[in-house]
Amino acid sequence: MSRPVRVRFAPSPTGYLHVGGARTALYNFLYAKNRGGKFILRIEDTDLERSTEEAMHMQIGDLKWLGLNWDEGVNPETLEDMGDKGPYRQSQRLEIYKEYAEKLIASGTAYYCFMTDEEIDKQREELKAAGKPPQVQSPYRDMDPAESKKKLDSGESAVVRFKVPKDKSEFVLKDLVRGEVKFPSDMVGDFVLIRSNGMPVYNFCCAIDDALMEISHVFRAEEHLSNTLRQMMVYEALGLEVPEFGHLSIILGADKQKLSKRHGATSCNQYRELGYLPEAMNNFIALMGWSHPEGKEVMTSEEMQKAFSTDRLNPASAVFDEVKLKWMNASHLRELDHAELWSRVKPFLDEAGLELPEDPQWQDRALSVFKTSMETLADAVELFRPISAKNYKVDDTAADALSWDSSKAVIEKWKSLVAAAAEDYLSEEQFVEAQNAVKTECGVKGKHLFMPIRVAVIGKPQGAELKHLVPLMKKDLLIERAQLALNQ
RNA sequence: GUUCCCUUCGUCUAGAGGCCCAGGACAUCGCCCUUUCACGGCGAAGACACGGGUUCGACUCCCGUAGGGAACGCCA
């Protein structure tokens with residue numbers, strides 16, 4: 001009961017980290033932090049068909065991006081073992097699984113099964129047709145070990161199956177999020193422990209690893225709920241200590257189906273590319289299935305760590321709402337100090353080829369002007385593009401403002417006033433002065449005044465306040481643009 | 001088919017028998033701020049899946065029904 005808290009995230013490296021996986025990782029991380037425990041990263045790469053080294057890098061990269069740093073497991077830089085309960089990649093633990101499988105065989109709770117795929121398929125069909133649960137019923141279940149040894153030696157391939165107790169007993173799981181869950185033992189058939197190629201199967205290595213790595217709590221997705229029965233059987237047969245489990249709800253798409261590729265962006269990496277902040281991602285994901293005791297919504301990781309507890313975990317599935325994610329991203333965006341925000345925005349600006357001043361003070365001012373209209377980092381591109389030294393063009397939406405009788409005169413006057421300025425940049429006051437001068441000189445006011453000027457400055461009839469925008473732009477640039485607007 | 005899980009505003013959720021003719025957030029719609037756009041402020045509309053119990057009293061407990069999901073793999 002008073003075991004030290006050790007939790008783990010155990011992805012199988014088959015692609016980028018999915019938002020569902022990210023939430024699982026996050027909850028484990030938060031729990032470890034909250035309880036002063038250890039967070040461990042284990043790689044479940046026993047499926048040779050689907051696991052790749054590249055995907056492992058992707059998963060690790062995504063976890064790092066989210067800031068879910070682990071204390072033990074695969075080292076994020078060197079990929080070597082970090083901690084004394086390794087190896088942390090299942091593909092490197094094969095001997096261990098083999099040893100335990102042999103123990104089970106020796107004790108009669110597991111056996112070699114020589115059924116072929118065809119035989120199993122056929123049996124499944126028949127059972128289904130008969131309205132029975134499609135569980136394998138292996139004729140090798142009670143074969144004399146000596147005889148199976150002989151078959152094995154003669155080169156026949158076999159899997160190792162767990163011998164599920166035939167006496168109908170009940171397994172009770174005290175789930176941290178679902179309460180008491182009871183499983184009849186005949187809910188599952190004799191499941192595979194070791195594949196014929198020698199690789200262990202999830203339910204086997206997961207149980208062994210969690211026990212050997214002294215994992216105290218397992219938070220994982222709900223689809224593993226019925227796997228827990230199998231794992232409990234393995235624990236029991238081997239006399240290993242069972243961790244506590246918490247089965248998290250599934251994350252759904254807008255159509256209430258399990259979130260998948262066809263719902264659009266579902267991996268953390270995609271959200272990173274779209275300009276989402278890891279802070280916002282964590283915060284948003286945390287709130288799909290957990291809530292702060294005081295109902296706080298926008299939180300830092302530290303706040304979440306402090307407040308996290310399993311009794312506020314919600315068993316019902318949640319729909320992933322990108323609109324709210326956006327709002328949350330905007331909230332976090334505005335909390336960042338400008339030096340930090342600039343460093344996040346910079347890659348997006350560079351990517352778009354924008355040419356902007358290097359001066360931190362300029363960047364600071366620019367961000368105060370633009371950040372209230374940014375929801376994602378990527379939004380900065382269109383916001384900064386109009387004041388970038390490159391890429392100026394008069395937008396189609398500006399045609400109206402340019403068509404008024406007085407517009408040409410307004411822009412001419414504006415241009416001459418800018419040209420008369422002494423410094424490289426106009427101050428806010430100078431801009432207001434100039435605008436007033438245009439007003440009296442040309443005899444226009446209201447939108448006939450500021451719309452043409454706005455177009456002469458940014459090429460569009462709408463945007464941030466001119467008195468904030470103009471001081472961000474070099475005098476020469478303003479003149480050049482006024483001319484371009486006149487040429488329209 | 002069998003077993004298991006889930007079900008409060010459109011969405012994320014609060015609610016652990018009277019505090020709830022159900023609270024917050026996003027979205028929506030108004031108004032205010034604003035010589036544009038955002039930000040911000042204020043306000044409106046909007047839900048206990050259904051049916052039975054238990055109880056003086058049920059969103060909260062029990063049982064059904066319906067709907068959704070998961071598992072029954074040499075995937076995890």
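A note on names: the letters A, B, ... follow the listed sequences, proteins ahead of strands, and every chain is numbered from 1.
With a cut-off of 3.5 Å on both pairing distances, B:C9 has no Watson-Crick or G-U wobble partner at all. Pair assignment for B:C33: none, as no Watson-Crick or G-U wobble contacts are both less than 3.5 Å. B:C39: no Watson-Crick or G-U partner with both key distances under 3.5 Å is found in any strand. B:G17 makes up no base pair with any nucleotide shown, lacking Watson-Crick or G-U wobble contacts both under 3.5 Å. For B:C59, there is no paired base (Watson-Crick or G-U wobble, both distances below 3.5 Å). Look at B:G64: its Watson-Crick or wobble partner, with both distances under 3.5 angstrom, is B:C50. Nucleotide B:A44: paired with B:U28 (Watson-Crick or G-U wobble, both distances less than 3.5 Å). The partner of B:U3 is B:A70, judged by Watson-Crick or G-U wobble contacts that both fall below 3.5 Å.
On a pure distance criterion of 3.5 Å, a polar donor-acceptor pair joins the side chain of A:N227 and the base of B:A76. No donor-acceptor contact under 3.5 Å links the side chain of A:K258 to the base of B:A70. Side-chain atoms of A:E223 and base atoms of B:G69 include no donor and acceptor less than 3.5 Å apart.
Between A:Y276 and A:H332, the distance from one ring center to the other does not fall under 6.0 angstrom. Checked against the 6.0 Å centroid criterion, the rings of A:F308 and A:W290 qualify as a close aromatic pair. Between A:Y271 and A:F320, the ring centre distance stays below 6.0 Å.
For A:N436 and B:U35, the CG to P distance is 13 Å, given to the nearest whole Å. Distance, A:H247 NE2 to B:C5 P: 12 Å, rounded to whole Å. When rounded to the nearest whole Å, the span between CD of A:Q135 and C1' of B:G1 equals 12 Å. Straight-line distance from the CZ atom of A:F320 to the P atom of B:C26: 17 Å, rounded to whole Å. Rounded to whole angstrom, the span from the CD atom of A:Q123 across to the C1' atom of B:C72 amounts to 13 Å. Residue A:F191 contributes atom CZ, which lies 12 Å from atom P of B:G73 at whole-angstrom precision. As a whole-Å value, the separation of A:E49 CD from B:C74 C1' is 10 Å.
The backbone N or O of A:F219 sits less than 3.5 Å from a side-chain atom of A:N28, completing a donor-acceptor pair. No side-chain donor-acceptor contact under 3.5 Å links A:D190 to the backbone of A:S138.
Here B:G1 is the nucleotide among B:G1, B:C4, B:C12 with the atom lying nearest to any side-chain atom of A:P134. Distance from the side chain of A:R50 is smallest to B:A76 among B:C12, B:A25, B:A76. Of the candidate nucleotides B:A76, B:U36, B:C72, B:A76 has the atom nearest to the side chain of A:H224. Out of B:C4, B:C74, B:A25, the shortest distance to the side chain of A:V181 is found at B:C4. Here the nucleotide nearest the side chain of A:A316, chosen from B:C74, B:C6, B:C12, is B:C6.
Nearer to the 5' terminus of RNA chain B, by closest-nucleotide assignment, is the contact made by A:E180 (compared with the other of A:P11 and A:E180). Nucleotides of RNA chain B nearest to A:R334 and A:R454 differ in position, and the one nearer the 5' end is that of A:R454.
A distance of about 16 Å separates the P atoms of B:C50 and B:A66, rounded to the whole Å. Remark: the separation of the P atoms in B:G67 and B:G57 is 32 Å, to the nearest Å. For the P atoms, the distance linking B:G53 with B:G69 amounts to 31 Å, nearest Å. The P atoms of B:C61 and B:A25 are separated by 26 Å, rounded to the nearest whole Å.
Residue A:R161 has a polar side-chain atom (N or O) positioned under 4.0 Å from OP1 or OP2 of B:C74. Regarding contacts with the backbone of B:G68, every side-chain N or O of A:Q257 stays at 4.0 angstrom or more from both OP1 and OP2. Taking 4.0 angstrom as the limit, A:K256 places none of its side-chain polar atoms (N or O) nearer than this to OP1 or OP2 of B:U7. The phosphate of B:A76 has OP1 or OP2 within less than 4.0 Å of a side-chain N or O from A:T46. Taking side-chain N and O atoms only, A:S226 has no distance below 4.0 Å to OP1 or OP2 of B:A70.
Here A:P315 lies in heavy-atom contact (under 4.0 Å) with sugar-phosphate atoms only. Residue A:R220 is out of contact with every strand shown, counting any heavy-atom pair closer than 4.0 Å. At the heavy-atom level, A:M288 lies under 4.0 Å from the strands shown only through sugar-phosphate atoms. Contacts of A:R124 with the nucleic acid, taken as non-hydrogen atoms under 4.0 Å apart, involve only primed sugar atoms and P, OP1 or OP2.
Of the N and O atoms on the side chains of A:R220 and A:T228, at least one donor lies less than 3.5 Å from an acceptor on the other residue.
Residues in residues 367-386 of chain A take part in these ring pair (Phe, Tyr, Trp, His ring centres under 6.0 Å) pairs, two or more places apart or across chains: A:W342-A:F384, A:F370-A:F384.
The structure places OG of A:S317 at 7.0 Å from CD of A:E222, a figure rounded to the nearest 0.5 Å.
Listed by residue number, A:R195, A:S196, A:V201, A:Y202 are the residues of residues 195-204 of chain A with a heavy-atom contact under 4.0 Å to RNA chain B.
Between A:E303 and A:K296, at least one side-chain nitrogen of the basic residue sits less than 4.0 Å from a carboxylate oxygen of the acidic one, meeting the salt-bridge criterion. Salt-bridge formation is not detected for the pair A:R8/A:E44: no Lys NZ or Arg NE/NH1/NH2 atom is positioned less than 4.0 Å from an Asp or Glu carboxylate oxygen.
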